Amino acid sequence: MMQPACFETTIDRKNTLSVKYNKSAIASICGNPDAAPFWVADMDFQAPPAVRSAASALNEHGIYGYSNAADEREVFSAWAQRRHNMLLDPSEIVISQGVLTSLATLVELLTDEGDGVIVGLPAYQPFLSIVASQKRNALLWPLIYDEEGAQFRLDWEALDRLLVQAKLLIFCSPHNPTGLTFSEEELIGLCALAAKHQVAIISDEIHADLSFNSHNCLLDAAKSTGCKAAVLMAPSKTFNIAGEHYSLTLFSDPDLQQRFVRRREILRANKPSITATTLALAAYQECDRWLDALIDLLQDRVSLIERYLYEYAPSLSFITPNASFIGLIDGWRILHFVEQDAALHPDLYASERSPSGGILSRFFGHRASVCMNDGSWFGGPEYGRFVRFNFAAPEQQVLWALDRIATAVTEVRKRY
């Protein structure tokens, strides 16, 4: 499919309140406020034309009152059937203000202080902070990493041991940051194990629409195995409207759904804004073809990165994602050289300058002027061999970043 020109148009996002381009935020990741941002998970592509048209119409109208979209659950259920072959009763869908707010609410409802909550590693860091802030006990479940094949997979034996200690499992499908996706058989196995141990599952499926192949939702597996589960979805990553907090929660258990609805009403956090609702409805009703083109482009970007690193920076390994626009780069072969660089230039690698970073994000920030999330942000020092690269940008920008990355690697290897 031919990609629309909008995917290759460079949009100046500086001075737009974008956290991705905020110099302080960039410095906190890599130490260099002037590094080009390839970190936080939003895209440098404009939202689909239909979404922008809906926003323009709302802006032209000029009144931003309370929203009341009577058919929004039907709109999403139609989308879920078209995109994922899911048959949802609209009454099963709860609409809220955001995935993380819903996740935090579910942790509160499903566990008590001191209860064990399994979190897979590497993990989107807010999963861990939500568990910690509610004084639950995080039970860490690292994925198995195949260094030679540069791929991750589930550790079933470890999970079986952890479920004995747990009340809840926080799952991520497709997985952030690895891009791992899961088969129907894997999800049924996961839910069957959880049901056996009476452990509930929260499945964050915010990247589901960006799967390169068909997405398997955990909801069906949960229903078929008797597992208590909630699935979180949103249009935010799919259509690049992450700042508009609108999410959908699906339940395998009607009682949990009712408790969730009551709690959200008590917190007064159950109603998205009229802007978020307007954009979400336009996205789900009118943007199928745009999304098809985006997925084709993202797969092309993955192939481009693989080819480029293989030819120009073979000491780096790209963990090929099966979904979305972020991927891990494994830099273990250059860590020794980077550590020598850090020893000689401690000021550049000082944690005070980049408290949200690590040795590799600081290296690429200073030596390549490319800002990427450090792997340690997703689970501690064991993941410091990785950086996460956001490749949802025009091709010329991605190539520029890859060239800077490859040049920095070549130079550090020569220098030490």
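Starting from 1, each residue takes its place in the sequence as its number. None of the values given here were measured: they were computed from a predicted structure.
Proximity of Pro272 to Ile95: side-chain heavy atoms (C-beta onward) are separated by under 4.5 Å at one or more points. Within the 4.5 Å cutoff, side-chain heavy atoms of Leu106 are placed close to those of Leu256. The closest side-chain heavy-atom distance from Ile93 to Glu72 is not below 4.5 Å. Within the 4.5 Å cutoff, side-chain heavy atoms of Ile26 are placed close to those of Trp39. A 4.5 Å side-chain heavy-atom check between Ile319 and Ile329 finds every atom pair outside the cut-off. For the pair Ser247/Leu232, no side-chain contact is recorded, criterion being any heavy-atom separation below 4.5 Å from C-beta on. Within the 4.5 Å cutoff, the side chain of Lys237 has heavy atoms near those of the His207 side chain. A heavy-atom distance below 4.5 Å is not found between the side chains of Pro142 and Asp155.
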task: Begin from the C-alpha positions of Arg264 and Thr105 and carry the test side chain to side chain contact (heavy atoms under 4.5 Å, CB included) through to its verdict.
output: CA-CA 8 Å; Arg264 304 301 291 137; Thr105 304; 3.1 Å; yes
For this session: Please test Asp296 against Arg301 for salt bridge (charged side-chain N to carboxylate O under 4.0 Å, His left out), starting from the C-alpha separation and ending with a verdict.
Result: CA-CA 9 Å; Asp296 283 347; Arg301 288 286 189 276; over 6 Å; no
| query | Going through the distances and angles, do Tyr383 and Phe378 end up as a ring-ring contact (aromatic ring centres under 6.0 Å, His included)? | reply | CA-CA 7 Å; Tyr383 298 97; Phe378 299 94; 8.7 Å; no
Exercise. Does the salt bridge (charged side-chain N to carboxylate O under 4.0 Å, His left out) test come out yes or no for Glu92 and Lys223, once each step is laid out?
Worked result: CA-CA 12 Å; Glu92 295 179 299; Lys223 288 180 176 180; 2.5 Å; yes
In sequence, state the C-alpha distance, the side-chain angles, and the governing distance for Leu279 and Phe239, and then conclude on side chain to side chain contact (heavy atoms under 4.5 Å, CB included). CA-CA 9 Å; Leu279 302 190; Phe239 304 104; over 6 Å; no
Q | Derivation and outcome, side chain to side chain contact (heavy atoms under 4.5 Å, CB included), residues Thr178 and Leu328 | A | CA-CA 6 Å; Thr178 68; Leu328 290 178; 4.1 Å; yes
Quick one: do Ile170 and Val107 satisfy side chain to side chain contact (heavy atoms under 4.5 Å, CB included)? Show the steps, please. CA-CA 9 Å; Ile170 297 177; Val107 170; 4.2 Å; yes
- Apply salt bridge (charged side-chain N to carboxylate O under 4.0 Å, His left out) to the pair Lys20 and Asp44, showing each step before the final yes or no. CA-CA 10 Å; Lys20 186 176 184 178; Asp44 280 332; 3.4 Å; yes
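A donor-acceptor distance shorter than 3.5 angstrom exists from the side chain of Glu205 to the backbone of Leu218, with no hydrogens or angles considered. No side-chain donor-acceptor contact under 3.5 Å links Ser211 to the backbone of Ser214. Between the side chain of Ser28 and the main chain of Ala25, a donor-acceptor pair closer than 3.5 Å is present. Of the possible polar contacts, one joining the Asn59 side chain to the Ala55 backbone as a donor-acceptor pair under 3.5 Å is found. The closest donor-acceptor contact from the side chain of Glu186 to the backbone of Ser183 lies under 3.5 Å. Without hydrogens or angle criteria, Gln125 side chain to Trp377 main chain gives a donor-acceptor distance under 3.5 Å. Using a distance-only test at 3.5 Å, with no hydrogens or angles considered, a donor-acceptor pair links the side chain of Arg353 to the main chain of Asp347. Although no hydrogens or angles enter the test, the distance criterion places no donor-acceptor pair under 3.5 Å between the side chain of Ser173 and the main chain of His175. At distances below 3.5 Å, not a single donor-acceptor pair connects side-chain atoms of Asn373 with backbone N or O atoms of Phe389. In this structure, Asp403 contributes its side chain and Trp400 its backbone to no donor-acceptor pair below 3.5 Å.
Contact detail for Ile188 and Thr225: the closest heavy-atom pair is O-CG2, 3.9 Å. Listed here is the closest heavy atom pair of Ala123 and Pro177: N-CD, 4.4 Å. Nearest approach of Thr181 to Ala323, heavy atoms of both residues: CG2-CB, 4.1 Å. The shortest heavy-atom contact between Val302 and Pro321 is CG2-CG, 3.9 Å. Taking all atoms of both residues into account, the shortest heavy-atom contact from Val409 to Ser315 is CG1-OG, 3.3 Å. Across Leu163 and Val199, no two heavy atoms sit closer than the pair O-CG2, 3.7 Å.
Met372 contributes atom CE, which lies 13.5 Å from atom CD1 of Ile326 (distance to the nearest 0.5 angstrom). Atom CG of Leu267 sits about 9.5 Å away from atom OG1 of Thr101, to the nearest 0.5 Å. Interatomic distance, Asp112 CG to Leu168 CG, rounded to the nearest 0.5 Å: 11.5 Å.
At a threshold of 4.0 Å, the pair Asp34-Lys23 counts as salt-bridged, since one of the basic side-chain nitrogens sits closer than that to a carboxylate oxygen.
Remark: the Thr320 side chain and the Glu306 side chain contain an N/O donor-acceptor pair separated by less than 3.5 Å. Donor-acceptor pairing under 3.5 Å is recorded for the side chains of Ser376 and Asp374. Side chains of Asp288 and Trp79: a donor-acceptor N/O pair is absent below 3.5 angstrom, by distance only. Of the N and O atoms on the side chains of Thr10 and Gln396, at least one donor lies less than 3.5 Å from an acceptor on the other residue.
In this structure, Tyr284 has its ring center closer than 6.0 angstrom to the ring center of Phe76. For Phe7 and Phe45, the gap between ring centers is short of 6.0 Å.
For OH of Tyr312, the number of neighbouring non-hydrogen atoms (other residues, nucleotides, ligands) closer than 6.0 Å is 12 at most. The environment of CD in Gln198 is sparse: at most 12 heavy-atom neighbours from other residues, nucleotides or ligands sit within 6.0 Å. Around the OH atom of Tyr416, the shell of radius 6.0 Å holds more than 12 heavy atoms that belong to other residues, nucleotides or ligands. The number of heavy-atom neighbours closer than 6.0 Å to CD of Gln165, taken from other residues, nucleotides and ligands shown, is above 12.
A perpendicular orientation is assigned to the rings of Phe391 and Phe318, their planes being inclined by more than 60° (bins at 30° and 60°). Ring planes of Tyr124 and Phe127: perpendicular class, angle over 60° (limits at 30 and 60°).
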Can you give the donor-acceptor pairs under 3.5 Å from side chains of residues 355-367 to other protein atoms, not counting sequence neighbours?
from: Ser361; atom 1: OG; to: Ile29; atom 2: O; distance (Å): 2.8
from: Ser361; atom 1: OG; to: Gly358; atom 2: N; distance (Å): 2.9
from: Ser361; atom 1: OG; to: Gly358; atom 2: O; distance (Å): 3.1
from: Arg362; atom 1: NE; to: Ser354; atom 2: OG; distance (Å): 2.5
from: Arg362; atom 1: NH2; to: Ser354; atom 2: O; distance (Å): 2.9
from: Arg362; atom 1: NH2; to: Gly357; atom 2: O; distance (Å): 3.4
from: His366; atom 1: NE2; to: Leu348; atom 2: O; distance (Å): 3.0
from: Arg367; atom 1: NE; to: Asp341; atom 2: OD2; distance (Å): 3.0
from: Arg367; atom 1: NH2; to: Asp341; atom 2: OD1; distance (Å): 3.1
from: Arg367; atom 1: NH2; to: Asp341; atom 2: OD2; distance (Å): 3.4

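Residue pairs meeting the side chain to side chain donor-acceptor pair (under 3.5 Å) criterion with at least one member in residues 132-151, sequence neighbours excluded: Thr111-Arg136, Tyr145-Asp330, Glu147-Arg385.
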